[in-house]
Visitor: 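Have a look at this one.
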Amino acid sequence: MTDEEFRAEVRGWLEANLGGDFADVVGAGGPGHEHEAHERRMAWERRLGEAGWIGLGWPVEHGGRGLSLVQQVIFHEECARAGAPGRLGHMSEQLVGPTLLAFGTPEQRARLLPGILSGEVLWCQGYSEPGAGSDLAGVRTRAVRRGDQYEITGQKVWTSLAHLADWCFVLARTDPAESRHRGLSYLLVPMDQPGIEIRPITQITGTSEFNEVFFDGAVTAVDNRIGAEGEGWKVAMATLAFERGVATLGQQVGFERELSAVVELARSTGALDDPELRTRVTEAWIGLKVLRYSAIHTMAAAGVPGVEGSISKLQWAVWHRDLGELAVDVAGSGALVTDGPPYELTDAQRLFLYTRSDTIYGGTNEVQRNIIAERLLGLPR
Amino acid sequence: MTDEEFRAEVRGWLEANLGGDFADVVGAGGPGHEHEAHERRMAWERRLGEAGWIGLGWPVEHGGRGLSLVQQVIFHEECARAGAPGRLGHMSEQLVGPTLLAFGTPEQRARLLPGILSGEVLWCQGYSEPGAGSDLAGVRTRAVRRGDQYEITGQKVWTSLAHLADWCFVLARTDPAESRHRGLSYLLVPMDQPGIEIRPITQITGTSEFNEVFFDGAVTAVDNRIGAEGEGWKVAMATLAFERGVATLGQQVGFERELSAVVELARSTGALDDPELRTRVTEAWIGLKVLRYSAIHTMAAAGVPGVEGSISKLQWAVWHRDLGELAVDVAGSGALVTDGPPYELTDAQRLFLYTRSDTIYGGTNEVQRNIIAERLLGLPR
Amino acid sequence: MDDPMRATEQREMRATVAKFLDDNADIRTAMALDPGYDKDLWRRTVDELGLAALLVPERCGGLGMDFGDAAVVIEEFGRRLVPSPSLTTLVACAVLDQCGADDLLARIGEDGLSVSIALADREPTTVDQGRITGSKQHVIHGADVDVLLVVAGDDLYTVDTTSVVRRRRVALDHTRALAEIDLTDVPATLIGPAAVVTDLLHVALAAESAAAAETCLADTVEYLKVRHQFGKPIGSFQALKHRCADLAVLVAGARATAWYAVRAVGTDELASVAPLAKVVCTDALMAVAAESVQLHGGIGFTFEHDAHLYLKRAKANQHLFGTNSLLRGKIGESL
Amino acid sequence: MDDPMRATEQREMRATVAKFLDDNADIRTAMALDPGYDKDLWRRTVDELGLAALLVPERCGGLGMDFGDAAVVIEEFGRRLVPSPSLTTLVACAVLDQCGADDLLARIGEDGLSVSIALADREPTTVDQGRITGSKQHVIHGADVDVLLVVAGDDLYTVDTTSVVRRRRVALDHTRALAEIDLTDVPATLIGPAAVVTDLLHVALAAESAAAAETCLADTVEYLKVRHQFGKPIGSFQALKHRCADLAVLVAGARATAWYAVRAVGTDELASVAPLAKVVCTDALMAVAAESVQLHGGIGFTFEHDAHLYLKRAKANQHLFGTNSLLRGKIGESL
């Protein structure tokens, strides 16, 4: 199938479904709306799974479709263009799936991949802790082996979808004698059990997307460990690299829509006639083009990006945050009040506040700069 | 005398002299023109000395006039306003004088202050070395004591006026067994002797203000050491603090003139109608006001600034560098060529290139940020 | 920032206000209340600090202090983000004093009335035979203050608060409630020219923002000293230190600028300094608050932490009473 | 940056050009020569690299390569700041090819002629009955090239170089001489529409600037690794590392943008991508070059060190063929 034929197929399917019985979720769950329409978006995951739109790049022998990077990008682009709802299965498909493909045993793959591919099983991430945000090697959650089980005690934070997820992938310390990145293991933990408590975190947007997750003697089978005991660091680092993948190009279609809305807003408030704001809008527009050319180039040049992922993350996170501030600035004094009680933000306000997280989660700007300086430029520690 | 009476006196004197037999040096030696009109500017120093305009803030018992900070600022402002030539005696008056007042013996003061006050004796600074720029404690120039003399061997760099100066104040290592800031001494070295060789450094402006100075067995009397042997670090650090003094407010009159020229240029090239450049011109104008209010505030609040000096240096250096770039940007394509051979820069080009040194000399931006972070904010090393 | 010329006197007043607020102000509770501020706290502010009488001249029975003193109060409320009509009340008193509105001033001082100023048009405001018709927006605590001053054309009026329709709006900045006010043929009493109203509001916002920036930076620096990652306090990482140093430069400039603007009140320089100070100080607060969220990491993105309150106040102050881009545009025109 | 689609082929060509320049180009000597470039080097560039024939179609006896190949050459000259009319010669050939000016192309390829393009008006340029009158400025190496193309109105002409007055000007950028050219009733041969001339010049400057930014950053990073202060390499100071990381992001964006623009040559997208790429890449070079001067400290302020050559090239490229603020303004109009 040529890329254009593939695009037509995707587009046709999306039209049929988003124009049909999923019309109610068009545009749902975008940036700043992550907390919305969970049930319907889970149904959307299942619909994607049924139609074979999950695991596009995975090998055919593991249930994927073995599509090219370009075609994966096309799928993401078309989804964004059609206003497909924000993905709940992002972590399942982009993080856990590739981790299982790379480090899982045949048994683990056979047992766990199908639920991801069908969109029926949701995963959440158990990495960050209150004392270990950017510094993952400082993880203190402990897992003690008792027979064929691990007993897990500790606290994770910034866990999105924890209240919906069936499983959590947890980085825990299995060898208390070791410190830093030694003695960690990568455990898959079922969420539906008494030893786990979930508390939502209210964000600066007034909504909740993230959670704190408390493990108090939660258990998981030893069979649910990925990689060898004590090798969790290596697995987790690989997962983080998976995170910055092909979704970036699709994401830009969303950026484009946001930027168009900002330009329209600027036109309506007269901000486009303000020399300063006009200049900033132009710069945002140029910046988005650079993001686009960069993503295309990275894809064409390298395939799966390594340290390039850090460049890309830093680049788009800063652009997006700046766009958020530009949005409220072109809104002018209209940005002073919200649409209504209790704290119903306008799109511009939401973008302003929500994008503050872009430069923090998934590796802060500061961590990305460290990576770029040391690994790409070779500057000494 | 009230401040306004004092201002009138200064103004009257400047008019008489700069309107009279020093009319040829009006505007000489400003930023980017430091290399010009040396002889006439030395004559100007002597004229200032004769009229008692040097050492305005020094105690009367040491030959100064004991004037207030405000009056010192007024003097600098009026000089800048009248287009008085760039001072060659800056280091003599602002660095060596205060150092002698603070650390010199009565004999040293009696011997050396009069030449500074009369404008007849010029000084240059021997701190930086090729291997020790921002890191003064890395100084490697050695001074070996032989009887009542020190014999000095080593290389200094960024020594402005070395070819004109009568004396150099040198930071040298007198105890080779010590390292870093221990074992250094502060020596005053006569420049007119065979053991000293001076080589001018050509700058990016194509002109030379700075020099390399090679000491090869140059000598100075032990009586010319300021402070105890091995205590040179303390003396040198104090000198650096003197450097950021009242001259700042006077300097701003010069900034104002430069900014006005940039605004005029922008008007003539049409850059003021360009949204982006217009915004930058406005920001430069606002920035200069902030510099002014900051200087006034610092003076009113504190007297002699300590770590505030680092704030002020960073603030004006960045503003000035930005102004330099703005100047060539409003000049537009006119900035592509120079006024003539060999490399005769326009004012805008000169400002663009020359201001690159502002963020480097007298403590780089990076060193100032270290000082502010550690000493003002108390952030850990 | 204390006026160095009157350092001792103002330092004592600042300490008094600071202690009062530290002991009594609970921002989180206040911002969740219906009016958006704590009316009991306002009452105590009036009774214990004499806030309403501060700028009321002695001839009207007030304390007869000047705008420099008011700025000290505004700064201490501002640096803690205490929801309160104190800023508008103080600005209003300064304006009323200039207009010689002695009766109203006496009443404000005596009864401890809170005041706000309706400046921004929502719909055009017109005056016909002593009656105002129009609609105003972004009136700080406008739904709940005792006295409303209304700018119409070049003049300032006071109106009977019971004759207008006042609607609280939910504000982006939780710590500063904003109201819409509809006026339909409302009887109005002329107070005088509105000329300095905007300037004084700008100066007040400048002083508040500079103080808030100072506190927000200090809080962030403290966090960097205690928060450990990679085995050391993150405040020892040079990249963060340098960013804080750059912020310290901004804050120093903002403080000096605010201080200069406060001293310019009552002089010819006010008209040019006030909008400039508003722009400089609110931009500085925005820069500091934005970095504060970032440097706090995840915790800075939570509602629970105060970093976002500074961020929202910063953005609101940038936009209030003329957005900064608009004001900078006007400054540019004067070149 | 190599076109990933043709990686191997271009990599070889790049290596050949790079080696040739490393072995033969002496920037300091060349920039001090009277024409501002080394004419012998140009001759060898033509003889050994076939530069003049590179874009000349095979039907005219040339090598028939495409603009992607030309970009590789432009980048290698650009990253070393080698003074040379190669950029304008290559752009001119691409334009002449589009206009089908086969005779001239054949001559350029065969005789190894250097070419420049007179674009910017110094005084208005008019054409009357095949004769041009006017004055041009900022013509790259315009006083010394063999062939001059002149843009007048919407058309491109070639003129007899002996009939025009050419004046070398001292340029801010020592490595790129600029000329003024006066034309008085000069016989001109129409070549075709001038439409793509500016676009191609923009793309060429973009490619050159992105490559120069890459090299300038790499050189700076190397310096940071060897320069010691406070007992360690200054490249280990995190504040500097983070600034270099931000520059690396800029350079990556510039490289990708330049590469995209080069691929857009010959497509409808060129007109919108070319000025954008020029702006993005020259700004990136300016950012890198400015930091390079700063991070080198005192030595970066000396004429002897190359940091200032990058700074001057950056500023010149920002200003050539439409200043960046002007181009951004036009991009803004298209929103």
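Excluded from the calculations below are hydrogen atoms, water molecules and symmetry mates; all remaining heavy atoms, backbone and side chain alike, are included. Throughout, protein chains are lettered first and strands after them, A, B, ... in sequence-line order, and every chain is numbered starting at 1.
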Visitor: Considering only heavy atoms, which portion of D:A239 lies under 4.5 Å from any heavy atom of chain B: side chain, backbone, both, or neither?
Guide: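 Contact with chain B is absent: no heavy atom of D:A239 under 4.5 Å.
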Visitor: Name the option with the most non-hydrogen atom pairs under 4.5 Å to chain B; the candidates are D:G332, D:G300, D:G297.
Guide: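 That would be D:G297.
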Visitor: Indicate the atoms forming the closest heavy-atom contact of D:S325 with B:L277, along with that distance.
Guide: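 Minimum heavy-atom separation between D:S325 and B:L277: OG-CD1, 3.5 Å.
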Visitor: Out of curiosity, D:D306 CG to B:I204 CD1, how far, rounded to the nearest 0.5 Å?
Guide: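 If we round to the nearest 0.5 Å, D:D306:CG and B:I204:CD1 are 12.5 Å apart.
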Visitor: As an exercise, state the distance from OG of B:S357 to CD of D:Q294, rounded to the nearest 0.5 Å.
Guide: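 If we round to the nearest 0.5 Å, B:S357:OG and D:Q294:CD are 10.0 Å apart.
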Visitor: With a 4.5 angstrom heavy-atom cut-off, is it the side chain or the backbone of B:N370 that approaches chain D, or both, or neither?
Guide: neither
Visitor: Measure distances from D:A290 to the heavy atoms of chain B and classify the residue's part below 4.5 Å as side chain, backbone, both or neither.
Guide: both
Visitor: Among B:R180, B:R369, B:E325, which residue has the highest count of heavy-atom pairs closer than 4.5 Å to chain D?
Guide: B:E325
Visitor: So which residues of residues 342-356 of chain B are in contact with chain D at a heavy-atom cut-off of under 4.5 Å?
Guide: B:P342, B:Y343, B:L345, B:Q349, B:F352, B:L353, B:Y354, B:R356
Visitor: What heavy-atom pair brings B:A335 and D:H319 nearest, and what distance separates the two atoms?
Guide: CB-CD2, 3.9 Å
Visitor: Counting heavy-atom pairs closer than 4.5 Å to chain D, which one of B:T359, B:V157, B:L136, B:T364 comes out on top?
Guide: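 Counting heavy-atom pairs under 4.5 Å, the top option is B:T359.
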Visitor: Once rounded to the nearest 0.5 Å, what's the spacing between atom CG of D:L326 and atom CG of B:D274?
Guide: 7.0 Å
Visitor: Could you look at B:A137 and say if it's the side chain, the backbone, both or neither that has a heavy atom under 4.5 Å from chain D?
Guide: neither
Visitor: Measure distances from B:E276 to the heavy atoms of chain D and classify the residue's part below 4.5 Å as side chain, backbone, both or neither.
Guide: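 Contact with chain D: side chain only.
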Visitor: Which residue out of D:M286, D:R176, D:H174, D:E180 racks up the most heavy-atom pairs below 4.5 Å with chain B?
Guide: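 Winner by heavy-atom pair count: D:H174.
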Visitor: At a heavy-atom separation under 4.5 Å, does D:R243 approach chain B through its side chain, its backbone, both, or neither?
Guide: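 When you check distances to chain B, only side chain atoms of D:R243 fall under 4.5 Å.
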Visitor: To the nearest 0.5 Å, what is the distance between NZ (D:K315) and CG (B:L336)?
Guide: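 The NZ atom of D:K315 sits 10.0 Å away from the CG atom of B:L336.
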Visitor: Counting neighbours of CZ on D:R167 that are heavy atoms of other residues, nucleotides or ligands and sit closer than 6.0 Å, is the number greater than 12?
Guide: yes
Visitor: Among B:G332, B:P341, B:G206, which residue forms the greatest number of heavy-atom pairs with chain D at distances under 4.5 Å?
Guide: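 That would be B:G332.
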Visitor: What part of B:P275 lies closer than 4.5 angstrom to a heavy atom of chain D: side chain, backbone, both or neither?
Guide: neither
Visitor: Sort out for me which of D:F237, D:F321, D:F303, D:F301 touches chain B most, counting heavy-atom pairs under 4.5 Å.
Guide: D:F301
Visitor: Using modelled atom types and a 3.5 Å cut-off, is there a donor and acceptor pairing between side-chain atoms of D:Q229 and backbone atoms of B:S134?
Guide: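 Pair found, side chain donor or acceptor close to backbone of B:S134.
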Visitor: Between D:T323 and chain B, with a heavy-atom cut-off of 4.5 Å, which part of the residue counts as in contact: side chain, backbone, both or neither?
Guide: side chain
Visitor: Evaluate whether atom CZ of D:R28 has more than 12 neighbouring non-hydrogen atoms of other residues, nucleotides or ligands under 6.0 angstrom away.
Guide: yes
